[in-house]
Protein chains: 2
Amino acid sequence: MKRFKETLQARGLKPTYPRLRILEYLGKHEDHPTVEMIYEGLIRQIPTISKTTIYNTLNAFLEKGIIQAITITGTETRYDLRNLPHHHLLCKRCGKIIDIDIHCPYADQRKIDGHQIEERHGYFKGICRECLKKRGKR
Amino acid sequence: MKRFKETLQARGLKPTYPRLRILEYLGKHEDHPTVEMIYEGLIRQIPTISKTTIYNTLNAFLEKGIIQAITITGTETRYDLRNLPHHHLLCKRCGKIIDIDIHCPYADQRKIDGHQIEERHGYFKGICRECLKKRGKR
DNA sequence: TTTCGTGCAAAGCATTTGCAAGTAG
DNA sequence: CTACTTGCAAATGCTTTGCACGAAA
C-alpha cells in the first residue's frame, strides 16, 4: 500500500483513495481485468466509485507508464500492472488471458527493417492448459 | 477476379457483386484497411453498398479463413488478405500499419507451457522508416 | 484560492441485430 | 421456389466528454 502511494507520487499523481484502490486491485488480480471487472470488484468497498473514475485513472496510469493496456479481443481493453514485456494467450474456451513467458529474440532489438521499435506485443489464441484437461484435446 | 470467384465458391459463399468487390479491394489495398476505408473506397463504384454489408462480408470471410483481422489500436479492426503469419508495425506518427516479415521461433510451435496454440499474433509500435526520414530520429 | 480529482449524464463510435425487400441458383 | 444476401434503422456496448461539485495544497 505504501509502495503504491510512492509509485503515484513519483509520477506526479496525487495518491487519492480511488487511485490507490485501483492500483491495489491490479496488484491482486493479475488476470488482466477489464474496466467492468475492476468496477465490480471495487463497488462493494467504494459504493460511490464510478466507471468514469476508473477510466480516468487507468488512462492516467497508462500515460505515466504505470500499467500496460492489452488489446486482444477487440471488444474491450484489459489492463496489466506488469511492465516487463511478456506474451499472452487468449483462451478461446474460457476467455481467460494468461501470461506466457517466452524469450523473443526481437525483444531487445531497437530497429527492424529500418523502423524504430518502441513497443513489442505478442499474443496467441488457442486453448489453455486447464481447458484442455477438462474437455480433451479437440 | 476469376480467382476471387473461385475462392468464394470453394468456401461455400455465393460470389455476389459486393463480396467480389470487397475481396478485390483487399487484394489491391494491402495497407490493412478499416471498414471505413473499404466503404469510402467502394461507395463511388457501388453507390448502394452499406457498411452493414461490409461488416457482414468481412465476418463471413473471417469465418471461412479467407482474411485475417488485426487488432492493434483497440478502436478499430483492420483487415488483411494475407494469410501467412507475419508481424505488423503500427507507426505512432502516421498511423500506418506495415508488414514486418521476421521469422519467429514460436511460429511453428503447437504447444507452449501445455497450452494449445492456434493463432500467433505479433506487432510492434514505433516510428516507421518513412517518418524517421522526414522528421529525424526523435 | 487555485488546481486537480470525482462522478453523473450525455455524447461518440465501431459493431451488431432485427427485419423487410431483393436476388442467386 | 427456397435459402441466402442486402441494407436501412435501431440497438448495443465500450469509452470519452462536458460539466458541476468537492477535496487537496
Side-chain angles (χ1 to χ4, degrees), chain A residues 4-5 7-23 25 32-64 66-79 90 95 97, chain B residues 4-23 25 32-64 66-67 69-79 90 95 97:
Chain A
F4 291 141
K5 197 168 175 180
T7 301
L8 293 178
Q9 286 172 329
R11 320 263 178 154
L13 293 173
K14 289 181 190 169
T16 64
Y17 188 63
R19 285 176 177 169
L20 285 169
R21 300 310 293 269
I22 292 170
L23 253 192
Y25 184 95
H32 317 88
T34 61
V35 166
E36 181 68 28
M37 291 160 78
I38 300 172
Y39 178 77
E40 291 301 330
L42 293 178
I43 190 68
R44 298 169 221 156
Q45 306 154 39
I46 320 173
T48 61
I49 204 169
S50 71
K51 281 192 190 176
T52 302
T53 295
I54 298 179
Y55 277 107
N56 287 340
T57 302
L58 292 172
N59 284 335
F61 289 178
L62 276 175
E63 270 174 35
K64 301 297 181 178
I66 299 172
I67 60 172
Q68 243 180 36
I70 307 171
T71 300
I72 299 188
T73 62
T75 61
E76 60 196 356
T77 304
R78 315 194 59 143
Y79 299 89
L90 169 67
I97 294 184
Chain B
F4 292 140
K5 196 168 174 180
E6 284 162 7
T7 301
L8 293 178
Q9 286 172 329
R11 320 262 178 155
L13 293 173
K14 288 182 189 170
T16 63
Y17 189 63
R19 286 176 175 167
L20 285 169
R21 300 310 294 267
I22 291 170
L23 253 192
Y25 184 94
H32 317 88
T34 61
V35 165
E36 180 68 29
M37 290 160 79
I38 299 171
Y39 178 76
E40 290 302 330
L42 292 179
I43 190 68
R44 297 169 221 154
Q45 306 155 39
I46 320 172
T48 61
I49 204 169
S50 72
K51 281 192 189 175
T52 301
T53 296
I54 298 179
Y55 278 107
N56 287 340
T57 302
L58 292 172
N59 285 335
F61 289 179
L62 276 175
E63 270 174 34
K64 302 295 182 179
I66 298 172
I67 61 173
I70 307 170
T71 299
I72 299 188
T73 62
T75 60
E76 60 196 355
T77 304
R78 316 194 59 142
Y79 298 89
L90 169 67
I97 294 185

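Quick note on labels: first sequence line is chain A, next is B, and so on, each numbered from 1.
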Checklist outcome for this item: Between CZ of R19(B) and P of dG25(C) the distance, given in whole Å, is 11 Å
Item to check | Whole-Å distance separating the OH atom of Y17(A) from the P atom of dG7(C) | outcome: 11 Å
Checklist entry - Which atoms form the tightest heavy-atom contact between K5(A) and P15(A), and what is the distance? => result CG-CB, 3.7 Å
Checklist entry - Do the side chains of L58(A) and T77(A) get nearer than 4.5 Å, heavy atoms only? => result no
Item to check | Given dT6(D), dG5(C), dG7(C), the nucleotide with the shortest approach to the side chain of P18(B) | outcome: dT6(D)
Item to check | Heavy-atom closest contact (I43(B) atom, E40(B) atom, distance) | outcome: CG2-O, 3.5 Å
Shorter than 3.5 Å, N or O on both sides, protein versus nucleotides 18-25 of chain D: list them out with atom names.
none

Checklist outcome for this item: When every non-hydrogen atom of L90(A) is compared with those of I97(A), the smallest separation belongs to CD1-CG1, 3.9 Å
Checklist entry - Base, sugar-phosphate, or nothing for T34(B), non-hydrogen atoms under 4.0 angstrom? => result nothing
Checklist entry - Whole-Å distance between dT15(D) C1' and Y39(A) OH? => result 15 Å
Next on the checklist: To the closest 0.5 Å, what do you measure between CZ (R19(B)) and CG (L13(B))?
Outcome noted: 5.0 Å
Checklist entry - Whole Å only: how far is the CG atom of L23(B) from the P atom of dT5(D)? => result 14 Å
Item to check | Heavy-atom closest pair, residues M37(B) and Y25(B) | outcome: O-OH, 3.3 Å
Checklist outcome for this item: Here the distance between atom P of dG25(C) and atom CG of L13(B), to the nearest Å, is 13 Å
Item to check | Minimum-distance nucleotide (side-chain atoms of T48(B) versus dG7(D), dG5(C), dT15(C)) | outcome: dG7(D)
Checklist outcome for this item: Contact check, residues 53-63 of chain A vs DNA chain D, heavy-atom distance under 4.0 Å, returns Y55(A), N59(A)
Next on the checklist: Measure CD1/I43(B) against C1'/dC8(D) and give the value in whole Å, please.
Outcome noted: 13 Å
Checklist entry - Choosing from dC14(D), dT15(C), dG7(D), which nucleotide comes nearest the side chain of E76(A)? => result dC14(D)
Item to check | Atom-pair distance (CG on L8(A); C1' on dG5(C)), nearest Å | outcome: 13 Å
Item to check | Distance in angstrom units between R21(B) CZ and dG7(D) P, rounded | outcome: 13 Å
